[in-house]
K.L.:
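Would you mind keeping the following structure in view while I ask a few things?
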Protein chains: 4
Amino acid sequence: MSALPISRGPGAVRNERARRAILRAASELLAIDGYDHLTIEGIAARAHVGKPTIYRWWSSKSALIAECLVDHTLLPGTFAPQNTGDIIADISAWFEDVIHFMSEPGTSTLVRSIIAAAVDNPEVAVQLGERLGATPDSLEGRFRSGVDTGELKKGTPAKELSETLLSVVIYKIIAREDFKDGDSALFTRMLVSSSLAT
Amino acid sequence: MSALPISRGPGAVRNERARRAILRAASELLAIDGYDHLTIEGIAARAHVGKPTIYRWWSSKSALIAECLVDHTLLPGTFAPQNTGDIIADISAWFEDVIHFMSEPGTSTLVRSIIAAAVDNPEVAVQLGERLGATPDSLEGRFRSGVDTGELKKGTPAKELSETLLSVVIYKIIAREDFKDGDSALFTRMLVSSSLAT
Amino acid sequence: MSALPISRGPGAVRNERARRAILRAASELLAIDGYDHLTIEGIAARAHVGKPTIYRWWSSKSALIAECLVDHTLLPGTFAPQNTGDIIADISAWFEDVIHFMSEPGTSTLVRSIIAAAVDNPEVAVQLGERLGATPDSLEGRFRSGVDTGELKKGTPAKELSETLLSVVIYKIIAREDFKDGDSALFTRMLVSSSLAT
Amino acid sequence: MSALPISRGPGAVRNERARRAILRAASELLAIDGYDHLTIEGIAARAHVGKPTIYRWWSSKSALIAECLVDHTLLPGTFAPQNTGDIIADISAWFEDVIHFMSEPGTSTLVRSIIAAAVDNPEVAVQLGERLGATPDSLEGRFRSGVDTGELKKGTPAKELSETLLSVVIYKIIAREDFKDGDSALFTRMLVSSSLAT
DNA sequence: AGCTAAACGAGACGGTACGTCCTGTCTTAAG
DNA sequence: CTTAAGACAGGACGTACCGTCTCGTTTAGCT
């Protein structure tokens, strides 16, 4: 994504200050204006950077957003389920965390902007999933460890469960449907209970 | 959405030919160019229509796409599950139909464009859901009738199941992940089996 | 050069206010900044006009300058020799006028800018020549009438004389050589005396 | 104009190879692209030289062009009148030479580019004049020797005659007017005959 | 049948942003 | 200490669309 400052023969090396300023400005403007009002020109101005400096390193707005996510400039936190031995409770708690986060003012709008970028660029979708915990290590890992400890049946589709949870969150943001009380428990049971070991 | 030709005093009445030409042009260009390269100017030119004629009747590109969907100019077909009495088979078959449709060349790109419009305009999300069968009558209705016939437990969350199925389809399109053989059965079982009456 | 506001079928008609504002702004900025610092963007801003409005009607900076000259927005006055019957005196007086004009502060810089445009666009050269009096009617006409009245020999090359006078003025501006006292008489005699009837 | 590779204390000395490559590249690009499409960046790339190396030694594009002329990298030849004792024939022959040169394909375009540089930088005008023969030694000298030998009247304005001949050539290039057959004789007689001794 | 007003096609307008090119300066690594 | 290479901040380029606004023309209900 970003070139490492490896020697490339003579010539000046990439300016890290500019890179940080650009990611910062892009993240701030995405939150303020939304993805479709986000402009390279605006980012360049806010970062006190020339437009060509942006185009030199990123091929599109969505690639820039992807790097903002990788860099944790956008969505600094990460969601990961705990492992208390009670998978229904753990996943439900994770879901509750995500719902709570999305209910903060401005957050669902920001995430919707990120989804708009994700439609352009699947890398953004991957990064957004990672930030929300839908990764092999995190959500999927919790399901796998449930299988290992005998809490869940063998053959439980950990990846698909993880992906489905993420899908529901993303769909609700797109459709601008708020989560209701009990949704975290409802969706968790709906998805997970059939995989519980008897 | 579209004004009926109710009398509004003297003066010409809305031109239906123009309306159809606009929806047609918008649908074609969406398929060709994608949502972000779709322009009002391009639609007007292709429909041999003045730009103000478009602005007179639609407030945004996404509202226009929403009407294309309502009008069945975009995505002419509709997906609906059958009711054979075997809900796993019925939902799985519906899922298989959708997967098959999405695998046609150009379709997933077109649907991704519709999703881009949906991020702007939740009405588009609703219409896309309807076209894919995620409606109270269709997918949700199949779940409710399963409850009524005793095939599914009482308290089965029909709406949430329907919505989750739609979410998964939309997520896969956004993330550009292809469905694999067996996914229809896998996701169906994962979601529905816990609601089966014992 | 500029489309007359003739009916061109349907559609809005050219905005004369915008046209005037553009010519005015271009003329002012040419005087202030010089031709190479003259920018379409700057003209658009000063005229409170969109850049495309300029590009719609003029293909280049130099075409715009040409129309400024045609329109008398740039170099409002015109130089023309009198006809007192004494051609040496008349041409010399014309020359003196031009020299005096060029010695006003800023004028030679402005004319040099016009010459820069003329290098791009021969139409500008023609218009500059017209403004300085090197036209069939004016300077050339004075020579022709001298032939007609018998003041000058038959076969006197009126056009070439006129052009040479213009050439000298333009060269001096390019080379940034000031005219000296007596130059008007000197050059006039040098050029004209060999054509005097004996 | 150009520093000789004289030692200036410790450290590397000016690289003559780079200087030649730059002048060569500038001359070639001027002929190919014209003055307004000539860029420092393009020259640097063609000369395999860093941009700062150009900025270190020349203050502007026009200064670079001036040195190309001084260096005979641009316009290698020189025009000078002969002295056969018949000044009308000599000047006319010189004029014919210049006209013939300008009629070669590409030459008038190249010279027009040099004139564009001359508008920025009077040194270029001087150098162009020198190359065309309008120098105290050459054209002006021929007039002065005509005075000395009694061919021309005392008080003949040698400098102004020389300058006027140059002016006409430059004007014709700017205005893109071709010379016609007989122009060399016509202009020569027009200018010179009044100075012939009787 | 004539009037009136809406809707229409066309397209010019003031603007914003695009992605590119170039400017002149600064930084680095090689020699 | 100069050089080739090249990144940088900045500014202008010429283009594409935006959404609004005039134009004349067409259309169709209402007098």
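The sequence lines fix the lettering, A, B, ..., with proteins before strands; numbering per chain opens at 1.
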K.L.:
Can you check the I22(C) CD1 to dG15(E) C1' distance for me, whole Å?
P.N.:
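Those two atoms, CD1 and C1', are 14 Å apart.
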K.L.:
Please pick, from dC13(F), dC8(F), dC8(E), the nucleotide with the shortest atom-to-atom distance to any side-chain atom of A18(B).
P.N.:
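Per side-chain heavy atoms of A18(B), the pick is dC8(E).
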K.L.:
Is the distance from OP1 or OP2 of dG24(E) to the nearest side-chain N or O of W58(D) less than 4.0 Å?
P.N.:
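The answer is no; no side-chain N or O of W58(D) sits under 4.0 Å from OP1 or OP2.
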K.L.:
Check D71(A) with R19(A), please: is the shortest side-chain N to carboxylate O separation under 4.0 Å?
P.N.:
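Judged by the 4.0 Å cut-off on N to carboxylate O distance, R19(A) and D71(A) do form a salt bridge.
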K.L.:
Tell me which nucleotide among dT23(E), dC13(F), dC17(F) gets nearest to the side chain of T39(D).
P.N.:
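For the T39(D) side chain, the nearest candidate turns out to be dT23(E).
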K.L.:
Hey, are the side chains of R56(C) and R14(C) touching, using non-hydrogen atoms and a 4.5 Å cut-off?
P.N.:
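SC-SC contact between R56(C) and R14(C) ruled out.
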K.L.:
Should the side chain of K51(D) and the base of dG6(F) be counted as holding a donor-acceptor pair, with the cut-off at 3.5 Å?
P.N.:
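Side chain to base: no pair present.
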K.L.:
For L64(C) and dG14(F), give me the distance from atom CG to atom P, rounded to whole Å.
P.N.:
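After rounding, the gap between these two atoms is 12 Å.
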K.L.:
Can you tell me how far P of dA7(F) sits from OH of Y55(A), to the nearest Å?
P.N.:
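Result: 18 Å.
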K.L.:
Quick check on DNA chain F: between P52(C) and E41(C), whose nearest nucleotide comes earlier from the 5' end?
P.N.:
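Mapping each residue to its closest nucleotide by heavy atoms, the 5'-most match is E41(C).
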K.L.:
State the CZ-CD1 distance between R46(C) and I32(C), to the nearest 0.5 angstrom.
P.N.:
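R46(C) CZ to I32(C) CD1: 4.0 Å, rounded to 0.5 Å.
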K.L.:
Could you please name the option among dA5(F), dA9(F), dG14(F) that lies closest to any side-chain atom of H48(D)?
P.N.:
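Side chain of H48(D) sits closest to dA5(F).
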K.L.:
Would you say T53(B) reaches dA7(E)'s phosphate, i.e. side-chain N/O to OP1/OP2 under 4.0 Å?
P.N.:
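T53(B) to dA7(E) OP1/OP2: no side-chain N or O under 4.0 Å.
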K.L.:
Quick one: H37(C) NE2 to dC22(E) P, roughly how many Å, whole number?
P.N.:
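Taking atom P of dC22(E) as the reference, NE2 of H37(C) is at 17 Å.
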K.L.:
Atom CG in N121(C), atom CD1 in I65(C): separation rounded to 0.5 Å?
P.N.:
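One finds 10.0 Å between CG of N121(C) and CD1 of I65(C).
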K.L.:
Which atom pair, heavy atoms only, marks the closest approach of D33(B) to H37(B)?
P.N.:
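Taking D33(B) first and H37(B) second, the nearest heavy atoms are O-ND1, 3.3 Å.
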K.L.:
What nucleotide, of dT25(E), dC8(E), dT3(F), holds the atom closest to the side chain of W57(D)?
P.N.:
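For the W57(D) side chain, the nearest candidate turns out to be dT3(F).
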K.L.:
Whole angstroms only, please: what is the CZ-P distance between R17(C) and dT22(F)?
P.N.:
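One finds 12 Å between P of dT22(F) and CZ of R17(C), rounded.
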K.L.:
V49(C) or K61(D): which one's nearest nucleotide on DNA chain E is closer to the 5' end?
P.N.:
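Taking each residue's closest nucleotide, the earlier one in sequence belongs to V49(C).
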K.L.:
Rounded to whole Å, how long is the line connecting atom CG of D36(A) with atom C1' of dC18(F)?
P.N.:
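My rounded result for the distance is 13 Å.
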K.L.:
For G50(A) and for G42(B), find the nucleotide of DNA chain F with the closest heavy atom, then tell me which residue's nucleotide is more 5'.
P.N.:
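Closer to the 5' end of DNA chain F: G50(A).
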K.L.:
To the nearest Å, how far apart are N15(B) CG and dT25(F) P?
P.N.:
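Nearest whole value for this atom pair: 19 Å.
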K.L.:
Can you tell me how far P of dT15(F) sits from CD1 of I40(A), to the nearest Å?
P.N.:
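Nearest whole value for this atom pair: 22 Å.
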K.L.:
Looking only at side-chain N and O atoms, does R56(D) come under 4.0 Å of OP1 or OP2 in dT3(F)?
P.N.:
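Result: yes.
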